[in-house]
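The next block holds one structure in the form of structure tokens; read it before the comments.
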Amino acid sequence: MAENEKANDTKQHLYLVDGSAYIFRAYHRLPPLTNPEGTPVGAVYGYTTMLWKLADDLDQADGPTHLAVIFDKSSHSFRNDIYPDYKAHRPPPPEDLEPQFPLIRDATRAFSLPCIEEEGLEADDLIASYARAAQNQGWDVTIVSSDKDLMQIVGTHDENGASIDMLDTMKSARIGPAEVEEKFGVPPHLVGDVLALMGDSVDNIPGIYGIGPKTASKLIAENGSLTAALDQAPDMKKSKLKERLIEGRGDAELSRVLVTLKEDCDLPQPLEEFKLDTIPVEPLKAFLEQHGFTSLLRRLSDGRGSPDRPTQLDPAKKQNASAKANEGAPSLPDMPKVDRKTYECVQTLDRLEHWIAKCRKAREIAVDTETSALDALQSDLVGISLATGPNDACYIPFGHGGNDLLSDKPEQIDRTEALHLLKPLLEDEAVLKIGQNIKYDLNVLARYDIHVAPIDDTMILSFALDAGRGEQGIGGGHGMDELALKHFDHACLTFKEVCGAGRKAIAFGEVPLDKATEYAAEDADVTWRLHRYLKPRLPIEGGTRVYERVDRPLIPVVAQMERHGIKVDREQLAKLSEEFAAQTELLEKEIFELAGQEFTVGSPKQLGEILFDKLGYQGGKKGKSGQYATGLAVLERLSDEGAPIANKVLEWRQLTKLKSTYTDALQAAINPETGRVHTSYSLVGAQTGRLSSTDPNLQNIPIRTAIGRQIREAFVPEEGNVLLAADYSQIELRLAAHMADVDTLKQAFANGEDIHARTAQEMFGEVNRDTRGQAKTINFAILYGISRWGLAGRLGTDADTAQDMIETYFKRFPGIQKYIMDTTEFVRENGYSETLFGRKTWFPRIKSKNPNERQGSERAAINAPIQGTSADIIKRAMVRMMPALDAAGLSHVRMLLQVHDELVFELPEGDVAQASEVIAQTMSNAAAPAVRIDVPLAVDIGSGKSWGAAH
DNA sequence: CATGTCACG
DNA sequence: GACGTACGTGACATGC
């Protein structure tokens with residue numbers, strides 16, 4: 001790879017890789033791969049690609065001339081002798097990571113690179129010692145790690161100008177003094193002082209209780225050092241902070257010693273031996289073969305230096321529009337500008353065959369279908385566009401014209417003939433079909449008996465990487481036009497521009513072919529480009545696991561559910577509509593009578609004026625729009641205060657809501673072809689990873705009131721079948737108990753106890769209806785990120801009482817408080833939160849100066865890992881469900897609906913017992929083996945002749 | 001097109 | 001010490 005004479009007089013540059021830290025991060029960010037022997041090697045793979053890349057940078061201007069990998073030898077270090085609890089709360093590494101530790105050392109040796117470890121020393125100390133030694137003799141040093149402790153030694157040597165910086169390969173970010181100062185608010189030499197004040201819960205460094213990163217860096221920045229900060233504490237004005245500083249002095253001083261890096265370790269191997277040179281191929285090859293890293297092997301034999309290198313470490317190259325939105329994301333691959341004039345309109349069989357051959361060769365093609373209307377299940381295919389590379393796209397029309405308005409039907413291939421030729425390509429296992437929201441195309445093509453596979457989806461890719469990442473002016477959606485603008489600064493031709501809008505809109509089949517080709521082929525072209533940009537980001541930014549193992553396999557599953565649809569009893573709904581209408585009319589008369597006049601009851605504006613101005617009820621509050629609030633809480637209060645009209649309005653609202661949103665709308669949603677209702681699920685609708693359901697929304701069908709439940713009775717099975725509903729019991733509370741590691745709650749779930757009763761027992765010492773109800777409210781408050789005012793509002797007490805309850809709760813379940821603190825701190829530091837499966841949700845407003853915005857983000861951030869983990873789990877269950885049922889011979893069971901913690905099936909009556917077993921097992925075990933949950937995931941199942949009866 | 005309200009987990 | 005009263009959604013009606 002390099003020649004020895006890389007000039008002796010040029011600067012030497014030592015790279016020190018923090019091997020131990022890297023393997024943990026690789027483990028959590030990569031899918032659980034196994035080698036041919038069945039040993040888990042996901043983390044090893046990530047590590048191998050990283051080393052390769054580093055070694056390959058040898059010839060780069062700023063690349064390494066010397067390189068060594070440093071490991072922790074054992075868990076015991078000199079710090080344990082000072083402080084026995086040091087790192088005492090570290091959980092043991094995950095089961096499938098353990099066997100990878102020795103393999104990481106093998107990988108290092110396979111690269112013929114030095115492996116350094118020393119009994120009693122942590123990797124950090126060795127790294128610091130080597131870094132200092134190299135710097136002292138005038139070498140530049142780059143530490144490959146993101147450990148904040150190491151940031152203490154970043155900087156430039158006073159005399160020889162040699163620098164120490166850091167490189168975070170996961171984020172492709174260089175960390176120099178400026179970045180350290182940005183992170184800690186102090187220069188590197190004061191970082192140790194900040195760390196000593198704030199402590200570290202992972203390493204169990206005490207710090208001072210109640211001081212986090214913000215306060216710590218403020219104190220150090222203002223006073224210039226830890227000692228100075230502690231010394232001036234007695235002079236501070238009376239405050240909690242003052243007390244804590246005085247009381248915590250000992251802890252802080254101990255912490256200062258613990259976070260200090262030992263920079264004068266004996267060096268087990270001299271620096272000169274780290275010289276990086278041509279890497280012998282044979283041992284590397286043997287290693288790659290042993291573990292089945294075939295893609296890397298191929299690169300090796302290709303003579304291409306490194307594996308695919310989507311990342312560019314040079315920040316100067318980052319100049320595209322995404323730089324702001326995606327800090328640290330790799331730069332765009334070089335691609336020519338979009339040129340719509342390059343697209344081909346395919347009008348002959350000859351040209352179609354040419355394109356199909358080209359697609360087979362390309363192996364990765366973008367596909368987009370154009371239809372006569374928006375509904376995938378009720379519209380006709382009018383054309384398909386394909387792209388094999390940038391500006392290499394075509395449109396194949398076969399349903400244009402044919403309308404009286406266009407007297408000349410353009411020359412086109414016959415649809416049946418075209419699809420006959422395209423089917424083998426679209427179903428070819430060796431050709432990846434890339435789509436933007438490909439679920440839509442799957443559903444369209446399924447109607448023509450084409451079952452597209454394998455697939456990738458740029459919308460889902462964007463979601464896996466950037467959920468929640470929208471910022472003012474940039475937008476957080478995952479639609480194609482938005483993505484093209486954000487990442488490529490390219491404005492796509494819009495559907496509106498091509499088809500018009502409103503009453504003048506025309507169907508796509510009526511668009512002239514030249515225009516249609518520009519629009520349709522551009523969509524495929526842009527999709528192809530987006531894939532080229534987004535897919536390589538997955539392994540770098542930690543999206544692979546969730547995308548490959550959860551969301552991508554879910555796409556065809558959800559598509560199938562949408563195609564199944566669910567039967568509704570139209571007569572039953574019509575009957576309910578009539579009843580609701582009649583009752584509404586009666587209520588309206590009563591309301592007018594009480595009001596003394598007629599008005600639009602459905603208008604909050606008019607209603608507010610009637611209630612508070614005309615009738616003179618007290619306590620009307622106007623919002624910022626100048627209107628009175630007339631929501632549920634307000635009307636209930638009025639009702640309690642003796643206003644008969646309030647209850648009538650509430651009843652009126654309930655009935656009109658049920659009628660317009662459900663009984664009327666559902667009848668209208670029945671597909672005339674299938675006689676069933678087909679919802680559309682969005683896989684990117686909710687930032688937390690939940691699905692959402694639209695058109696119609698079948699995730700908010702009433703259940704809480706008796707009158708609303710009648711609507712569920714109208715969801716029915718086909719003759720001879722039943723509906724079966726399976727739901728996770730209290731899944732979010734169970735996950736909270738697990739994630740916050742609360743023994744009492746975990747125990748209660750393990751014993752099958754009533755969790756709210758148990759909470760009441762713990763908090764109030766007795767269980768009755770009242771205490772259980774309060775405990776239930778508090779339990780939910782926890783999931784949503786609590787505030788004393790919010791809780792007070794729900795419990796009907798004052799904020800002080802609520803505050804006491806929160807404190808009691810935290811005292812009883814200290815893990816919860818720690819979870820909340822750790823989560824918010826993590827989000828502040830990293831910008832995102834993560835589920836147990838590694839799904840990220842970004843919170844760009846977490847540091848907002850507007851406390852309203854900021855605290856809103858904090859609450860959402862507390863909730864997101866829990867809600868998101870629950871979403872991951874049910875998604876995994878859905879992916880495995882049909883294979884599990886098929887394996888049990890239950891091929892007539894159909895999965896119809898998902899409602900966040902519930903799945904609804906339709907199946908022959910005779911299959912209920914057997915299917916219940918399989919469904920419950922699949923759902924209960926859905927987290928395994930990727931994640932082990934410490935509490936059982938209980939599933940309740942019911943079945944009956946309607947959705948209502950199945951509960 | 002924004003706002004208020006209310007259906008669900 | 002202020003914020004303004006819990007997390008995540010989608011549909012409908014009103015009114016500008």
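By convention in this document, chain letters (A, B, ...) are assigned in the order of the sequence lines, proteins followed by strands, and residues within each chain are numbered from 1.
- Under a cutoff of 6.0 Å and an axis angle of 45°, A:K659 and A:F580 do not form a cation-pi pair.
- Pairing for B:dA2 is with C:dT14, a Watson-Crick or G-U wobble pair whose two hydrogen-bonding atom distances lie under 3.5 Å.
- Regarding A:L897, its CG atom lies at a distance of 16 Å from the P atom of B:dC8, rounded to whole Å.
- Relative ring orientation between A:H756 and A:F780 is described as tilted, the plane-to-plane angle lying within the 30° to 60° band.
- Counting non-hydrogen atoms under 4.0 angstrom, A:I701 reaches the backbone sugars and phosphates but no base.
- Using a 4.0 Å cut-off between charged nitrogen and carboxylate oxygen, A:R690 and A:E732 count as a salt-bridge pair.
- No engagement by A:T656 is indicated, since no non-hydrogen atom pair under 4.0 Å with the nucleic acid exists.
- Within the 4.0 angstrom heavy-atom criterion, no nucleotide atom of any strand lies near A:I866.
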What is the per-nucleotide protein-contact pattern of nucleotides 11-16 of chain C, from the 5' end, where B denotes a base atom under 4.0 Å from a protein heavy atom, S denotes such proximity for sugar-phosphate atoms only, and - denotes neither? BSSSSS

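- Put simply, CG on A:L635 is 15 Å from P on B:dG4, counting in whole angstrom units.
- Using a 4.0 Å heavy-atom criterion, one finds that A:R788 contacts no nucleic acid atom at all.
- As a whole-Å value, the separation of A:L655 CG from B:dA7 C1' is 14 Å.
- A:E732 comes within 4.0 angstrom of nothing in the nucleic acid, heavy atoms only.
- Taking the six-membered ring where the residue is Trp, A:W947 and A:F715 present perpendicular rings, their angle passing 60° and hence far from 30°.
- Between the P atom of C:dG4 and the CD atom of A:Q855 lies a distance of 9 Å, rounded to the nearest Å.
- Of the possible polar contacts, one joining the A:W842 side chain to the A:L465 backbone as a donor-acceptor pair under 3.5 Å is found.
- The list of salt bridge (charged side-chain N to carboxylate O under 4.0 Å, His left out) pairs with a residue in residues 856-879 of chain A, not counting sequence neighbours, reads A:D551-A:K875, A:R828-A:E858, A:R839-A:D872.
- Base-pair partner of C:dG8: B:dC8 (Watson-Crick or G-U wobble, both distances under 3.5 Å).
- OP1 and OP2 of C:dG8 both lie 4.0 Å or more from every side-chain N or O belonging to A:R690.
- Residue-level contact check: A:S682 touches neither bases nor backbone, having no heavy atom under 4.0 Å from any strand.
- One can place CD1 of A:I731 at 15 Å from C1' of C:dG8, the figure rounded to the nearest angstrom.
- For the pair A:Q898 CD and C:dT9 P, the interatomic distance rounds to 14 Å; values are reported in whole Å.
- Close to C:dC7, at under 4.0 Å from its OP1 or OP2, lies a side-chain N or O of A:R859.
- Looking at heavy-atom distances under 4.0 Å, A:I862 makes no contact with the nucleic acid at all.
- OP1 or OP2 of B:dA7 has not a single side-chain nitrogen or oxygen of A:R704 nearer than 4.0 Å.
- Toward the 5′ end of DNA chain C lies the nearest nucleotide of A:N850, the other residue of the pair A:Q867 and A:N850 mapping further downstream.
- Using a 4.0 Å heavy-atom criterion, one finds that A:A781 contacts the bases of the nucleic acid, with or without backbone contacts as well.
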